[in-house]
Amino acid sequence: MLKDSKAQRVLIAGALIIVALALYNVNIRWHISGAFSLSLSDLMMLAAAFIAGYPIAVNAIQALRYRIIGIDALVTLAVVGAIFIGEYWEAAAVTFLFMLGNYLESRALEKTRSAIKSLLELAPDTARVLRDGEEVELSPDEVVLGDLVIVRPGEKIPVDGTVTEGNAYINQAAITGESMPVNREAGETVFSGTVIESGYLKIKADKVGEDTTFARILEMVEEAQDKKARTQKFLEVFAAYYTPAIMVLAIVVYFITRDIPLSLTLLVIACPGALVIATPVSIVAGIGNGAQHGVLIKGGEVIEKIGTVKVIAFDKTGTLTEGKPKVTRVFAPEIDENKLLRLTASAEMYSEHPLARAIVDATQARGIDDLTHPETAEIIPGQGLKAVVDGQMIIVGNRKLISEHGLPIPNDIEDYIAAEESEGQTVIIVANDESILGVISIADTIREDAIQLIQKLKATGVKKVVMLTGDNQRAAAAISRKLNLDAYYAELLPEDKVRILQQLQQEYGRAAMVGDGVNDAPALASADLGIAIGGAGTDVAMETADMVLMSDEIKKLSYAIGLSRATVRNIKQNIYFAVAVVLILLAGVLAKLVYMSSGMLIHILSVLLVIVNAIRLLRYKE
Amino acid sequence: MASKTYQLETLTCPTCVRKIETAVKQMDGVKDVEVLFNASKVKVNFEDSLKDGKDIRKTIERLGFSILGEK
């Protein structure tokens with residue numbers, strides 16, 4: 001309503017000005033008193049100035065009531081002065097341009113904020129819940145913990161929860177920025193704000209309303225966009241002094257030169273709009289771009305820091321690696337590999353040990369589906385287990401277990417084991433009661449995108465890329481070698497990580513820590529920049545980190561660094577441009593090359609250009 | 001002590017930020033004000049003497065900004 005009336009005023013004032021210019025040479029005059037007369041054109045200019053200027057004057061007076069002199073007051077004063085000295089064209093042009101500029105500015109600003117706004121629109125708006133055996137439709141806020149929620153294709157999941165029934169492909173773009181659908185079935189967790197593309201799920205609500213990951217991301221993004229960069233704080237202070245200084249200058253100029261138009265022009269250019277807006281527009285566009293790609297950057301200062309990081313320290317398990325042990329190699333000189341796996345998995349069927357799970361998972365991955373229940377199974381803590389499978393004794397475990405059974409390990413197998421262990425693999429020996437059947441190597445696998453990421457980081461000017469881990473030397477060395485890291489620090493406790501980070505900071509400068517936030521929260525907090533990966537679902541990580549990669553794709557880190565650098569570049573371009581405009585305007589006005597309306601025009605164009613430059617950031621891609 | 005967050009129509013000029021901040025800060029009972037330019041929100045902490053903060057709304061509206069919601 002209010003905006004429409006502004007647009008109407010701009011249109012009417014603009015039309016009046018055009019007609020007035022067309023009638024410039026028509027000599028119809030009204031004599032007011034003495035030699036003072038107004039032409040038809042003058043009258044229309046005055047009308048335009050009044051129509052466009054009225055809201056400006058109202059704003060000015062409202063602010064003056066609180067003893068605030070804003071740009072409205074200065075423009076009003078300049079326009080009144082212009083009318084007083086008979087510069088009707090100037091008065092009309094200045095008010096018209098000011099209003100038009102405001103209108104265009106607000107449209108352009110909305111565009112810079114569009115990325116974040118579109119994220120807000122992903123919030124779920126209804127929830128279908130089972131109550132007393134019947135489906136009822138509620139607002140997502142009305143769902144309570146433990147409710148069973150039903151979601152069908154095309155619908156948004158309204159809660160964070162555990163799937164109890166069904167199977168579906170889900171688009172998790174709202175959380176992770178990835179639109180590639182993922183499969184979810186009973187026992188797995190799903191997030192609010194994600195969309196079911198096909199399938200059907202019944203979900204038990206674990207987190208609802210404002211506690212959901214999506215709601216918290218929204219809240220953090222909303223807050224982040226207004227966390228000021230240091231440049232911004234500085235510029236705001238500058239602007240706070242610049243405006244009164246120009247006002248004083250206007251008065252001084254008037255007393256020295258008695259040149260009213262010159263003084264009035266100074267008032268028009270007293271607000272360095274482009275300079276003030278230079279930083280926040282770039283930051284909101286940069287943070288918006290990040291949020292759409294599953295990267296939460298918590299504010300302007302973080303953006304300024306990321307680009308200048310000298311050392312990046314990674315946690316190992318769950319960050320550079322998948323965090324889940326997997327079978328990497330099977331060595332079976334006598335029998336078929338799959339047969340060995342089948343026997344071992346059958347023996348381990350009831351074991352909860354992570355290594356046993358890895359072996360059972362490996363049989364599934366290879367399509368081995370004829371596992372048999374062990375007739376007996378005995379777990380020997382710290383060593384392995386003995387079981388009877390298909391009537392034969394199977395021993396699965398480490399060297400100690402094998403040698404206790406009096407089975408010799410042949411030289412070739414011993415060499416193989418040593419080689420695997422030096423690669424950081426955990427080795428499991430499988431034997432029957434006569435001889436060794438084979439060896440299964442298990443390791444936490446390196447994330448596929450990690451090698452590429454490390455290369456990219458080094459290429460973009462990060463001095464040192466290191467790994468901090470609580471794991472043993474051998475495993476750490478193997479991974480460090482494969483990833484071509486500059487250094488690794490193994491067998492660390494959480495407090496050791498903090499200490500080493502401090503050393504790195506002292507030696508090389510700004511240090512970032514990348515971790516999954518599970519056991520490295522202190523390190524994330526103490527680094528210059530804490531970066532959490534796989535943040536969705538880990539509350540502590542989301543709170544402590546300065547930047548959160550929602551998905552566990554670590555390659556997003558180089559995108560995030562690139563985006564931050566692009567944002568900082570964008571801010572710098574804006575500031576250089578805005579400073580140049582301020583200086584040129586000031587020089588132009590004092591040299592009498594720039595007059596009121598042209599001053600206003602340059603001012604408005606500069607503000608718009610700065611915003612348009614920031615909008616470019618919305619299209620940033622790696 | 002109470003606190004409220006007001007959602008305003010899209011703020012377009014950074015000078016509006018100073019205007020709202022200065023005006024609301026001058027009110028009796030207002031502890032601190034923060035205007036979020038990009039989010040177009042005003043966060044106010046105020047004494048209980050201002051009750052539900054109706055006067056804060058009035059001040060913001062009198063400056064020419066319409067309030068879309070409060071929390």
Side-chain angles (χ1 to χ4, degrees), chain A residues 1-3 55-56 58-74 101-110 112-113 116-117 120 221-228 232 235-236 239-240 243 271-281 283-285 287-288 300 607 611, chain B residues 1-47 49-71:
Chain A
M1 174 71 191
L2 211 73
K3 240 175 224 157
I56 310 175
V58 169
N59 277 346
I61 291 163
Q62 279 166 339
L64 280 174
R65 276 206 304 247
Y66 296 95
R67 295 186 296 281
I68 305 160
I69 299 178
I71 184 161
D72 305 312
L74 299 179
N102 265 347
Y103 179 73
L104 294 177
E105 260 174 69
S106 63
R107 299 297 297 269
L109 273 171
E110 271 172 28
T112 64
R113 298 167 183 168
I116 289 175
K117 210 172 160 205
L120 295 173
V221 171
E222 273 234 283
E223 263 175 35
Q225 62 181 343
D226 282 297
K227 278 201 191 130
K228 290 175 186 171
Q232 189 176 352
L235 289 176
E236 280 175 9
T243 305
C271 187
L275 202 54
V276 178
I277 214 165
T279 325
V281 287
I283 285 176
V284 77
I287 289 179
V607 171
I611 302 176
Chain B
M1 274 289 283
S3 75
K4 277 234 158 103
T5 305
Y6 301 94
Q7 175 72 55
L8 309 188
E9 60 178 326
T10 313
L11 292 180
T12 54
C13 51
T15 47
C16 313
V17 174
R18 282 239 313 287
K19 211 149 83 176
I20 300 171
E21 247 166 27
T22 322
V24 177
K25 211 174 268 170
Q26 282 171 16
M27 296 176 62
D28 281 338
V30 169
K31 290 278 279 197
D32 56 79
V33 196
E34 192 188 357
V35 181
L36 306 177
F37 173 61
N38 282 318
S40 304
K41 282 181 181 173
V42 186
K43 278 189 186 171
V44 192
N45 286 320
F46 52 89
E47 308 273 354
S49 60
L50 280 169
K51 300 207 174 87
D52 62 348
K54 212 165 77 191
D55 291 344
I56 299 174
R57 277 187 82 107
K58 258 192 219 151
T59 304
I60 298 174
E61 279 169 344
R62 272 218 304 258
L63 285 170
F65 301 96
S66 37
I67 295 176
L68 304 179
E70 67 171 57
K71 218 164 49 169

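The sequence lines fix the lettering, A, B, ..., with proteins before strands; numbering per chain opens at 1. What you are looking at is a predicted structure, and each value in this text was computed from that prediction instead of being measured.
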Below 4.0 angstrom, N of the basic side chain to O of the carboxylate: do A/D226 and B/K41 qualify? no

Heavy-atom contact with chain A under 4.5 Å, split by part of B/K25: neither

Neighbour count above 12 (heavy atom, 6.0 Å) for A/R107 CZ: no

Within the distance-only criterion (no hydrogens, no angle test), does the side chain of B/Q7 pair as donor or acceptor with the backbone N or O of B/S40 below 3.5 angstrom? yes

Between A/E236 and chain B, which part of the residue has a heavy atom less than 4.5 Å away: side chain, backbone, both or neither? neither

Using the ring of A/Y66 (Phe, Tyr or Trp, six-membered ring only), decide whether B/R18 places NZ or CZ under 6.0 Å from its centre and within 45 degrees of its axis. no

Contact origin within A/R65 toward chain B - heavy atom pairs under 4.5 Å: side chain

